[in-house]
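Here is the structure we will look at, set down as structure tokens.
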Amino acid sequence: MNGIEVRAFNASGIAKFRDFLGKYRCGETPPNPVEFLDDRSLTEDRYDGVFIESRSFASRREAADYFHQKFEDVPLIELRSDAVLWTWLSLFYFGQVSPEVDSERKVRNDYTYIFMPDESLYFYRHLLFIAWYVKHVAPTYNRLFLDTSLHQLDKYTEDVFKRLYLTRIDSVFEVLDRLYWDRSTNRPRKGVNSPGKVVAGDLRHRFPTRIRQLEKTYDLMSLSADQLLQLLGDEFSHFHLQEQH
């Protein structure tokens, strides 16, 4: 069998990993502590018979496909909350989630690598978990969130997945795809995100606000993508009309 059998960090392992991340952010350059991955005092058995390989991911989509294939026999409810597994995977794939660029490595906040499933402000920021989770909740209309790099959290993913009320609407991902993905360039449309200002029909500010308004009157869970697009109103027509051509 190629690769190694997956394990998971215990509390001591997470503490050691956290200490390693802190040293990097303080200006030190400690070696990648790969010895933690199989240290029986820092890890525990997890999902017998599941093996993973050292490899690179060209995109978040590749990582999502890989984890769905590797963990296809693991109950979804377990993967959704398995903090110790996803944290262990972050160290195993540390070169992917925190790559060296020009011989320098940028180490981000702990929640980027240490999974916190019960923290609404942080759970979606874990780079490996969010790849798996996007494909789980949006198996079809997901290119806005998966056709991007693995090692950083883009604003499209952040703006949607930090708002659970959006991700629970059955048709919302088709709507987002039709509004904000430019098929001619195979990229998100211009004006989707507007840091520092509100733009009519944008994803960051106006789409969540409009959904909150609509849910006071309509059962959004029962609506098709066409019906929801119609209800959004004229403010979103600029994006919607582009989608139709």
Side-chain angles (χ1 to χ4, degrees), residues 1-57 60 62-64 66-71 73-134 136 149-154 157-158 161-162:
M1 177 71 68
N2 294 327
I4 69 168
E5 193 167 21
V6 296
R7 297 187 63 77
F9 278 132
N10 58 25
S12 296
I14 291 176
K16 285 277 193 179
F17 187 31
R18 194 185 298 274
D19 181 62
F20 162 73
L21 297 171
K23 287 178 179 178
Y24 241 110
R25 286 195 296 270
C26 288
E28 299 181 40
T29 54
N32 191 346
V34 292
E35 67 275 7
F36 292 176
L37 293 168
D38 199 38
D39 188 324
R40 266 38 184 183
S41 70
L42 302 178
T43 62
E44 57 193 41
D45 294 333
R46 209 69 160 186
Y47 308 132
D48 290 345
V50 178
F51 288 76
I52 58 171
E53 300 82 29
S54 293
R55 53 161 296 168
S56 60
F57 300 108
R60 187 181 291 158
E62 283 194 10
Y66 182 77
F67 292 131
H68 272 263
Q69 183 263 320
K70 288 296 179 181
F71 296 112
D73 295 326
V74 178
L76 295 174
I77 194 170
E78 290 187 30
L79 284 177
R80 170 61 182 83
S81 59
D82 199 338
V84 290
L85 169 71
W86 290 109
T87 301
W88 183 89
L89 287 170
S90 288
L91 178 56
F92 188 85
Y93 290 111
F94 195 65
Q96 298 295 302
V97 294
S98 186
E100 285 191 354
V101 178
D102 296 329
S103 300
E104 292 188 6
R105 189 190 306 277
K106 181 178 182 180
V107 174
R108 302 176 188 274
N109 291 321
D110 282 358
Y111 52 68
T112 306
Y113 318 102
I114 297 175
F115 185 41
M116 304 176 189
D118 299 322
E119 298 289 341
S120 60
L121 293 178
Y122 300 131
F123 84 94
Y124 62 90
R125 298 174 186 264
H126 189 275
L127 294 176
L128 295 183
F129 169 77
I130 197 61
W132 172 84
Y133 188 62
V134 166
H136 166 56
S149 63
L150 178 65
H151 68 274
Q152 57 188 356
L153 185 67
D154 61 283
T157 303
E158 181 177 1
F161 282 85
K162 71 182 179 183

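Given the structure is predicted, the values throughout are model-derived calculations rather than measurements.
Atoms CG and OG1, from Asp82 and Thr87 in turn, are 8.5 Å apart once rounded to the nearest 0.5 Å. Rounding to the nearest 0.5 angstrom, the gap separating the CZ atom in Phe129 from the CE atom in Met116 is 13.5 Å. In this structure, the separation between CG on Asn10 and NZ on Lys16 is 11.5 Å, given to the nearest 0.5 Å. Rounding to the nearest 0.5 Å places CG of Asp118 at 10.0 Å from OG of Ser120.
Looking only at distances, no side-chain donor or acceptor of Asp110 sits under 3.5 Å from a matching main-chain atom of Arg18. Of the possible polar contacts, one joining the Ser98 side chain to the Lys106 backbone as a donor-acceptor pair under 3.5 Å is found. Between the Glu53 side chain and the Gly3 main chain, no donor and acceptor come within less than 3.5 Å of each other.
Under the 6.0 Å distance and 45° angle rule, Arg125 does not count as a cation-pi partner of Phe115. A cation-pi geometry, defined here as NZ or CZ lying under 6.0 Å from the six-membered ring centre and within 45° of its normal, holds between Arg55 and Tyr66.
Between Trp86 and Phe67, the ring center distance clears the sub-6.0 Å criterion. Aromatic pair Phe94/Phe20: centroids less than 6.0 angstrom apart. For Phe36 and Phe9, the ring centers are positioned 6.0 Å apart or more.
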Quiz item: Do Glu78 and Tyr47 pass the side-chain contact (heavy atoms from CB on, under 4.5 Å) test, and can you show the C-alpha distance, the side-chain angles, and the key distance before you say yes or no?
Solution: CA-CA 11 Å; Glu78 290 187 30; Tyr47 308 132; 3.3 Å; yes
Quiz item: Leu150 and Leu128: side-chain contact (heavy atoms from CB on, under 4.5 Å), yes or no, with the steps?
Solution: CA-CA 8 Å; Leu150 178 65; Leu128 295 183; 4.0 Å; yes
Quiz prompt | Steps toward side-chain contact (heavy atoms from CB on, under 4.5 Å) verdict (Tyr111, Phe123) | solution = CA-CA 7 Å; Tyr111 52 68; Phe123 84 94; over 6 Å; no
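In the displayed structure, Gln69 atom CD is contacted under 6.0 Å by more than 12 heavy atoms of other residues, nucleotides or ligands. A 6.0 Å sphere centred on NZ of Lys162 holds more than 12 heavy atoms belonging to other residues, nucleotides or ligands.
With no hydrogens or angles considered, no side-chain donor-acceptor pair links Glu119 and Tyr124 at under 3.5 Å. A side-chain N or O of Thr157 and one of Arg60 form a donor-acceptor pair less than 3.5 Å apart. Side chains of Ser90 and His126: a donor-acceptor N/O pair is present below 3.5 angstrom, by distance only.
Between Leu21 and Asn109, every side-chain heavy-atom pair lies at or beyond the 4.5 Å cut-off. Side-chain contact between Thr43 and Leu37 is absent, with no heavy atoms from C-beta onward closer than 4.5 Å. Between Arg105 and Val107 the shortest side-chain heavy-atom distance falls below 4.5 Å. Taking 4.5 Å as the limit, some side-chain heavy atom of Leu79 sits within range of a side-chain heavy atom of Leu85.
The nearest pair of heavy atoms linking Phe71 to Val50 is CE2-CG1, 3.7 Å. When all heavy atoms of Leu127 and Val97 are compared, the closest pair comes out as CD1-O, 3.7 Å. Between Ala63 and Ala131, the shortest heavy-atom contact is CB-CB, 4.2 Å. The heavy-atom pair separating Tyr24 from Pro30 by the smallest distance is CE1-O, 3.6 Å. Looking at every heavy atom in both residues, Ser41 comes nearest to Asp39 through OG-OD1, 2.6 Å. In this structure, Gln96 and Ser56 approach most closely via the heavy-atom pair OE1-CA, 3.3 Å.
Salt bridge present: Glu44 and Arg46 bring a charged side-chain N and a carboxylate O closer than 4.0 Å.
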